[in-house]
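Since the structure comes first, as structure tokens, the remarks are kept for the end.
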Amino acid sequence: DAEEASRRRDAAARAVEQARGQEGRLADELDKIRRAANEKEMQAKAREEEFLEQQRQRQQVTANERALVEQELRLREQRDTLEQKEGKLKNEAGAFLAGLRSTLQSQGRAYSRDPSVSTYDYRRGTSGY
């Protein structure tokens with residue numbers, strides 16, 4: 001009887017020792033899994049921050065591009081306006097010169113754009129007309 005009780009105590013002690021060992025291994029494994037989960041969580045947060053930074057940069061680039069496109073449109077409008085004004089001024093100058101030629105020809109005077117044909121005497125400041 002005493003021997004049987006001793007064997008039972010020894011078996012129970014071994015079972016308790018094995019359970020404690022398994023509990024320690026499970027606790028170590030649980031800590032290892034927690035560390036791995038924390039590391040993955042930190043990696044996920046870092047990726048999320050990187051994504052948010054890239055998104056912020058894309059928004060900045062988009063805003064800059066939008067400003068450049070708007071500026072280009074304004075410059076094109078200004079160019080078109082200037083080309084229209086230039087065309088108008090050329091037409092007005094052409095009409096003025098045509099009128100001047102007509103006036104000079106009706107008065108019997110010659111008109112030329114060529115300065116070598118000019119009747120204006122620059123040294124004396126007088127016109128040959």
Side-chain angles (χ1 to χ4, degrees):
D1 234 6
E3 234 177 84
E4 185 64 30
S6 175
R7 270 188 257 146
R8 282 187 205 154
R9 264 193 319 251
D10 287 346
R14 277 194 304 271
V16 167
E17 190 62 35
Q18 286 175 348
R20 286 182 182 158
Q22 187 170 358
E23 182 183 10
R25 287 189 298 276
L26 289 174
D28 290 344
E29 191 174 327
L30 183 60
D31 285 342
K32 183 179 177 181
I33 290 170
R34 283 183 180 151
R35 284 191 301 272
N38 287 338
E39 185 177 324
K40 293 291 183 184
E41 186 176 344
M42 289 185 340
Q43 289 174 351
K45 284 182 181 180
R47 286 183 180 163
E48 183 180 4
E49 288 176 11
E50 184 179 316
F51 172 76
L52 291 173
E53 176 62 22
Q54 287 176 349
Q55 194 174 29
R56 186 194 64 74
Q57 288 177 354
R58 281 188 198 138
Q59 289 172 345
Q60 184 65 41
V61 166
T62 300
N64 290 343
E65 286 176 346
R66 187 176 301 121
L68 289 173
V69 167
E70 289 171 359
Q71 182 180 12
E72 182 179 355
L73 290 174
R74 282 192 305 273
L75 290 173
R76 286 182 182 188
E77 288 173 1
Q78 288 176 356
R79 184 190 67 211
D80 291 344
T81 301
L82 289 173
E83 286 176 352
Q84 289 174 357
K85 287 180 180 180
E86 179 185 27
K88 182 180 176 185
L89 289 173
K90 283 183 179 180
N91 288 339
E92 289 175 0
F96 174 78
L97 291 175
L100 183 61
R101 277 191 206 108
S102 175
T103 302
L104 290 175
Q105 286 174 352
S106 68
Q107 295 176 358
R109 299 179 187 170
Y111 172 79
S112 173
R113 284 185 160 180
D114 185 359
S116 64
V117 181
S118 175
T119 57
Y120 185 79
D121 187 351
Y122 292 98
R123 290 173 293 214
R124 292 189 199 159
T126 60
S127 173
Y129 297 117

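Along the sequence shown, the residues carry numbers beginning at 1.
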Following the transitive rule for hydrophobic clusters with a side-chain heavy-atom cut-off under 4.5 Å over Ile, Leu, Val, Met, Phe, Trp and Tyr, establish whether Phe96 and Leu104 coincide in one cluster.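 Phe96 clusters together with Leu104.
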
Can you name the nearest heavy-atom pair linking Arg25 to Gln18, along with the distance?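 It is NH2-O, 4.4 Å.
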
Tell me, please, which residues at least two apart from Glu83 pass side-chain hydrogen bond (donor to acceptor under 3.5 Å, both in side chains).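 Scan of Glu83 (side-chain hydrogen bond (donor to acceptor under 3.5 Å, both in side chains), adjacent residues dropped) gives none.
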
Side chain proximity check, [X] to [Y], heavy atoms < 4.5 angstrom:
X	Y	result
Lys40	Gln43	yes
Asn38	Glu41	yes
Leu82	Glu86	no

Might you confirm whether atom CZ of Arg20 has over 12 heavy atoms from other residues, nucleotides or ligands at distances under 6.0 Å?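 Check fails, neighbour count at 12 or below.
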
Around Glu4, counting heavy atoms of other residues, nucleotides and ligands shown, do more than 12 lie under 6.0 Å from its CD?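 Counting other residues, nucleotides and ligands, CD of Glu4 exceeds 12 neighbours.
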
Electrostatic pair Glu17:Arg14 at N-O distance under 4.0 angstrom: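 Salt bridge between Glu17 and Arg14, a charged N being under 4.0 Å from a carboxylate O: no.
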
Do the charged groups of Lys45 and Glu49 touch, with an N to O distance under 4.0 Å?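 No, this pair does not count.
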
Step by step, would you call Glu3 with Arg7 a salt bridge (Lys or Arg N to Asp or Glu O under 4.0 Å)? CA-CA 6 Å; Glu3 234 177 84; Arg7 270 188 257 146; 3.4 Å; yes

With no hydrogens and no angle check, just 3.5 Å: does a side-chain donor-acceptor pair link Gln59 and Gln55?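 Per modelled atom types, Gln59 and Gln55 side chains form no pair under 3.5 Å.
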
Within the 3.5 Å criterion, strictly below it, is a donor on Gln60 or Asn64 matched to an acceptor on the partner's side chain?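 Distance-only check passes for Gln60 and Asn64.
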
Gap between atom [atom2] of [Y] and atom [atom1] of [X] - 0.5 Å precision:
X	Y	atom1	atom2	value
Arg47	Gln54	CZ	CD	12.0 Å
Lys32	Leu30	NZ	CG	12.5 Å
Glu65	Glu72	CD	CD	12.0 Å
Gln78	Lys85	CD	NZ	9.5 Å

Is a side-chain donor or acceptor of Ser102 paired with a backbone partner of Ala98 at a separation under 3.5 angstrom?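 It does not hold such a pair.
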
Any side-chain to backbone donor/acceptor pair from Ser6 onto Ala2? Under 3.5 Å, distance only.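 Judged by distance alone, no pair lies under 3.5 Å.
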
Using a side-chain heavy atom cutoff under 4.5 Å and only I, L, V, M, F, W and Y, what cluster partners does Val69 have?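 Other cluster members: Leu73.
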
